[in-house]
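This report refers to the structure that appears directly beneath it.
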Amino acid sequence: MASTSSLALSQALLARAISHHGSDQRISLPSSFSRASASSRRRNAASMTKLRSIRPLVRAAAVETLETSTDSSIIDKSVNSIRFLAIDAVEKAKSGHPGLPMGCAPMAHILYDEVMRYNPKNPYWFNRDRFVLSAGHGCMLLYALLHLAGYDSVLEEDLKSFRQWGSKTPGHPENFETPGIEVTTGPLGQGVANAVGLALAEKHLAARFNKPDAEVVDHYTYVILGDGCQMEGISNEAASLAGHWGLGKLIAFYDDNHISIDGDTEIAFTENVDQRFEALGWHVIWVKNGNTGYDEIRAAIKEAKTVTDKPTLIKVTTTIGYGSPNKANSYSVHGAALGEKEVEATRNNLGWPYEPFQVPDEVKSHWSRHTPEGKALESDWNATFAAYEKKYPEEAAELKSIITGELPAGWEKALPTYTPESPGDATRNLSQQCLNAIAKVVPGFLGGSADLASSNMTLLKASGDFQKATPEERNLRFGVREHGMGAICNGIALHSPGLIPYCATFFVFTDYMRGAMRISALSETGVIYVMTHDSIGLGEDGPTHQPIEHIASFRAMPNTLMFRPADGNETAGAYKIAVNKRKTPSILALSRQKLPQLPGTSMEGVAKGGYTISDDSSGNKPDVILIGTGSELEIAAQAAEVIRKEGKTVRVVSFVCWELFDEQTDEYKESVLPSGVSARVSIEAASTFGWGKIVGGKGKSIGINSFGASAPAPLLYKEFGITVEAVVDAAKSLF
């Protein structure tokens, strides 16, 4: 049990927090208030006078609790177990963020111990509730919960190796490292956007597969986000869409502790979050006492579940670093270990006599029930699904494909094929043909564009729009929200292995969503990024819309496939790889301008990353090798014909995906780019950065190392030297 002094301290800190949000109560702070909070107390005195007359606009949670018969002393011990596992792990590592776990332990305990449905022994059970810690720096909160709940991925030795090489408890949550972690979080705001994607997936699958007599998709998505997440623009993008879509099974807990790294949030963040979320279409509840108000938290969750037509934000006012006598309610507890003396003081303050990492036996016993309960939950669901499968075999087969990630046999045969006699077209249009072909045979395929569907050519013609009233549809309308779009797609992909989301915008606007794309790569999430208007070939829109450095930058990103197809066969080949690569995101850079169907291109060649499309040499000794990608492969092919007329042998190579070429054997690489041939010329309407490793020290790279310009595309190609003549001249200089 907490000591009397700690309770006085917590109430004082809570009083300050409530006054910060406009309570009309008169607050009297006790003289025992800690030194660390003195400056905050003085600073807040003036604001209290101003705010005292302002009544809260959001109704606080009525104290109507979830059914629970748990002894309150066990709850207190359980909550403090979470706090001290976090404190001890951070202290041992001498690195980490103890403040959030100490403040959020009560709401997290109630979620994992009383509310959420999961099976600790099968973290991937399909119908589990999902939890996202958007404020990923507080990850020891999540590791402590997984440990107490009985997940094999977080044992005591894992807690003791927090933030160490090879541990299962890295410095931020990583879904690919620790079973039980749903998504990778750390960059603030990404997690809540991922949670929107998870909730969207649940709503979509429930609408498609549930029947009046059989409910096989029924789970909630919970998320904890902090002030930092709220400040990041991505969270507003995602929250706006969640409200628009009416994601009623998304419940977000806002850790309202008004402390960030630089200090009190009043230095930079004074907006009314409640009103903003209400305007975004959310139901909003305020839990005034997040430190000890267990019944308030339970009541808020119970109320949130009654609101089925909109997501819920539960603002939980907490004290960061709760229980620390000298550091609670200050930035110093946010991102650093408490220190040996303060750890001991906190143990005394909260009446915690246990050794580091020790969990009381009664707490272990209390949490141990989750293993048999979780097994029973999954067993019951399996029985439900078995009955569903007998009655609805076709729907069950589709849902099973989505759950397992097993693609329908021969699905790739649906992709279109082309010959040199096929009409030329922009690869964005050819991409649309592929998207629609895939959607007919892959049940988990869905996606959309950032308000550019008619330009990106991404509409699925056989589907309507996913909207609040039509969640079974597969066209996602993201609006002008690129960053949120990417992170939402990450959440969709991480919901189930067979959900394959794609999203689209102009290639240059990947600048707005790069953070989400990097998380795709890091978290092994196979989102397909359909990026059109891939070069100066888009023409008159000018340099603001013309990507230059973008291809090179994504080639530098680990675990990312950067495709730039030249025609229909290469576009189809890129999609074949992208759909199959479920742990690697794929980016397709597609043209606005019409391109011919080239002789020699193939889907099989795309799988190699780089391959020969024409060659009149023998003995693997061409006089020169011309290498192109995308719209410039045609230029390389035309230049080859000119050079051949002058008696030289020429090999033309499509380098559609560098990353796939790097995966090939040395023998294959030598067959395409023989080491004995140093006369190499590359051409790409983009930065030449990186091409040196392909053409070698004696080769030439033709590209654009400045910003573009506003003019018709043919003139731009001429002015920037992306021409047949330039390739021919470069080749001749190497003979």
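- Heavy atoms from other residues, nucleotides or ligands lying under 6.0 Å from CD of Gln467 number more than 12.
- Remark: the backbone N or O of Leu660 is paired with a side-chain donor or acceptor of Gln664 at under 3.5 angstrom.
- Just one residue in the list Arg644, Lys621, Arg651 forms a salt bridge (charged side-chain N to carboxylate O under 4.0 Å, His left out) with Asp615, and that residue is Arg651.
- Atom CZ of Arg518 has 12 or fewer neighbouring heavy atoms from other residues, nucleotides or ligands inside a 6.0 Å radius.
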Going through the checks in order, is the side-chain contact (heavy atoms from CB on, under 4.5 Å) test met by Ile627 and Leu673? CA-CA 10 Å; Ile627 310 165; Leu673 298 177; 4.0 Å; yes

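- Looking only at side-chain heavy atoms (C-beta outward), Tyr575 and Leu435 come within less than 4.5 Å of each other.
- Geometrically, Lys608 engages Tyr668 in a cation-pi contact defined by less than 6.0 Å to the ring centre and at most 45° from the axis.
- For the pair Ser463 (side chain) and Leu460 (backbone), a donor-acceptor distance under 3.5 Å is absent.
- The closest donor-acceptor contact from the side chain of Asn569 to the backbone of Met603 lies at 3.5 Å or more, if one exists at all.
- Closest non-hydrogen pair, Thr560 versus Ala521, comes out as OG1-CB, 3.4 Å.
- Here the shortest heavy-atom pairing between Leu590 and Pro565 reads CD2-CG, 3.7 Å.
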Checking side-chain contact (heavy atoms from CB on, under 4.5 Å) for the pair Ile551/Ile587: CA distance, chi angles, key distance, verdict?
CA-CA 9 Å; Ile551 295 175; Ile587 305 168; over 6 Å; no

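- Formation of a donor-acceptor pair under 3.5 Å by the Glu659 side chain with backbone atoms of Asn559 is not found in this model.
- The line from CD of Glu421 to CD of Gln597 is 10.0 Å long, rounded to the nearest 0.5 Å.
- In this model, no donor atom of one side chain and acceptor atom of the other lie less than 3.5 Å apart for Gln546 and His533.
- The residues Asp425 and Lys594 are annotated as not salt-bridged, no charged nitrogen and carboxylate oxygen being separated by less than 4.0 angstrom.
- With a 6.0 Å radius and a threshold of 12 heavy atoms from other residues, nucleotides or ligands, Phe466 has its CZ atom above the threshold.
- Heavy-atom minimum distance, Val724 versus Ile635: N-CG2, 3.6 Å.
- Between Phe506 and Asn456 there is a side-chain heavy-atom pair separated by less than 4.5 Å.
- Between the side chains of Ser431 and Thr571, no donor-acceptor pair is found at a separation under 3.5 Å.
- In terms of heavy-atom proximity, Ser455 sits nearest to Thr532 at O-OG1, 4.1 Å.
- By the 30° and 60° cut-offs, the orientation of the rings of Phe655 relative to Trp691 is tilted.
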Full working for side-chain contact (heavy atoms from CB on, under 4.5 Å) between Phe478 and Thr505:
CA-CA 10 Å; Phe478 290 104; Thr505 186; over 6 Å; no

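- Here the side chains of Tyr529 and Ser586 are not in contact, with every heavy-atom distance at 4.5 Å or above.
- Glu667 CD to Thr665 OG1: the interatomic distance, rounded to the nearest 0.5 Å, is 4.5 Å.
- Thr185 is not listed as a side-chain neighbour of His172, based on a closest heavy-atom distance of 4.5 Å or more.
- Across Arg474 and Ala439, no two heavy atoms sit closer than the pair NH2-O, 3.2 Å.
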Evaluate the criterion side-chain contact (heavy atoms from CB on, under 4.5 Å) for residue pair Val656 and Thr629; output intermediate values, then yes/no.
CA-CA 5 Å; Val656 59; Thr629 73; over 6 Å; no

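- Annotation: the span from Glu232 atom CD to Glu237 atom CD amounts to 10.5 Å, rounded to 0.5 Å.
- Checked by atom type, the side-chain pair Thr427/Arg592 shows no donor-acceptor distance below 3.5 Å.
- Using modelled atom types, one side-chain atom of Glu670 and one backbone atom of Ser675 make a donor-acceptor pair closer than 3.5 Å.
- Of the possible polar contacts, none joining the Ser687 side chain to the Ile548 backbone as a donor-acceptor pair under 3.5 Å is found.
- For the pair Arg514 and Phe554, the distance from NZ or CZ to the six-membered ring centre is under 6.0 Å and the angle to the ring normal is within 45 degrees.
- Side chains of Ser682 and Ser701: a donor-acceptor N/O pair is present below 3.5 angstrom, by distance only.
- For the atom pair CD of Glu632 and OG of Ser535, the computed distance is 6.0 Å after rounding to the nearest 0.5 Å.
- Taking 4.5 Å as the limit, every side-chain heavy atom of Asp451 sits out of range of all side-chain heavy atoms of Ser449.
- Residues Lys693 and Asp662 are paired through a salt bridge, judged by an N-O separation under 4.0 Å between the basic side chain and the carboxylate.
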**Prompt:** Please walk me through it: do Glu684 and Arg555 pass salt bridge (Lys or Arg N to Asp or Glu O under 4.0 Å)?
**Reply:** CA-CA 14 Å; Glu684 185 172 63; Arg555 285 173 179 155; 2.8 Å; yes

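- Remark: the Thr525 side chain and the Asn490 side chain contain no N/O donor-acceptor pair separated by less than 3.5 Å.
- Shortest non-hydrogen contact noted between Asp623 and Gly647 is OD2-O, 4.5 Å.
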For this session: Begin from the C-alpha positions of Phe507 and His550 and carry the test ring pair (Phe, Tyr, Trp, His ring centres under 6.0 Å) through to its verdict.
Result: CA-CA 8 Å; Phe507 191 28; His550 298 70; 5.8 Å; yes

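- Ion pairing of Glu398 with Arg208 is present here, as a side-chain N (NZ or NE/NH1/NH2) and a carboxylate O approach within less than 4.0 Å.
- When atom types are taken as modelled, the side chain of Ser422 and the backbone of Thr419 share a donor-acceptor pair closer than 3.5 angstrom.
- Using a 3.5 Å distance cut-off with no hydrogens or angles, the side chains of Asn705 and Thr688 do pair a donor with an acceptor.
- Taking 4.5 Å as the limit, every side-chain heavy atom of Met531 sits out of range of all side-chain heavy atoms of Phe509.
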Worksheet item: What do the steps show when you test Glu182 against His495 for side-chain hydrogen bond (donor to acceptor under 3.5 Å, both in side chains), and what is the final call?
Response: CA-CA 8 Å; Glu182 300 289 352; His495 182 278; over 6 Å; no

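- Judged purely by atom type and a 3.5 angstrom limit, Ser240 has no side-chain atom pairing as donor or acceptor with the backbone of Asn236.
- Residues Thr178 and Glu174 form no side-chain contact, since every pair of their non-hydrogen atoms from C-beta on lies 4.5 Å or further apart.
- Taking CG of Leu407 as the reference point, atom CZ of Phe445 lies at 11.0 Å (rounded to 0.5 Å).
- Side chains of Tyr418 and Pro423 form no contact here, defined as non-hydrogen atoms less than 4.5 Å apart.
- Annotation: the span from Ser654 atom OG to Tyr611 atom OH amounts to 4.5 Å, rounded to 0.5 Å.
- A donor-acceptor pair is defined here as one N or O able to donate and one able to accept, closer than 3.5 Å; such a pair exists between the side chain of Ser167 and the backbone of Thr169.
- Atom CZ of Phe176 has more than 12 heavy atoms from other residues, nucleotides or ligands within 6.0 Å.
- A donor-acceptor pair under 3.5 Å is absent between the side-chain atoms of Asp541 and the main chain of Thr544, judged by distance alone.
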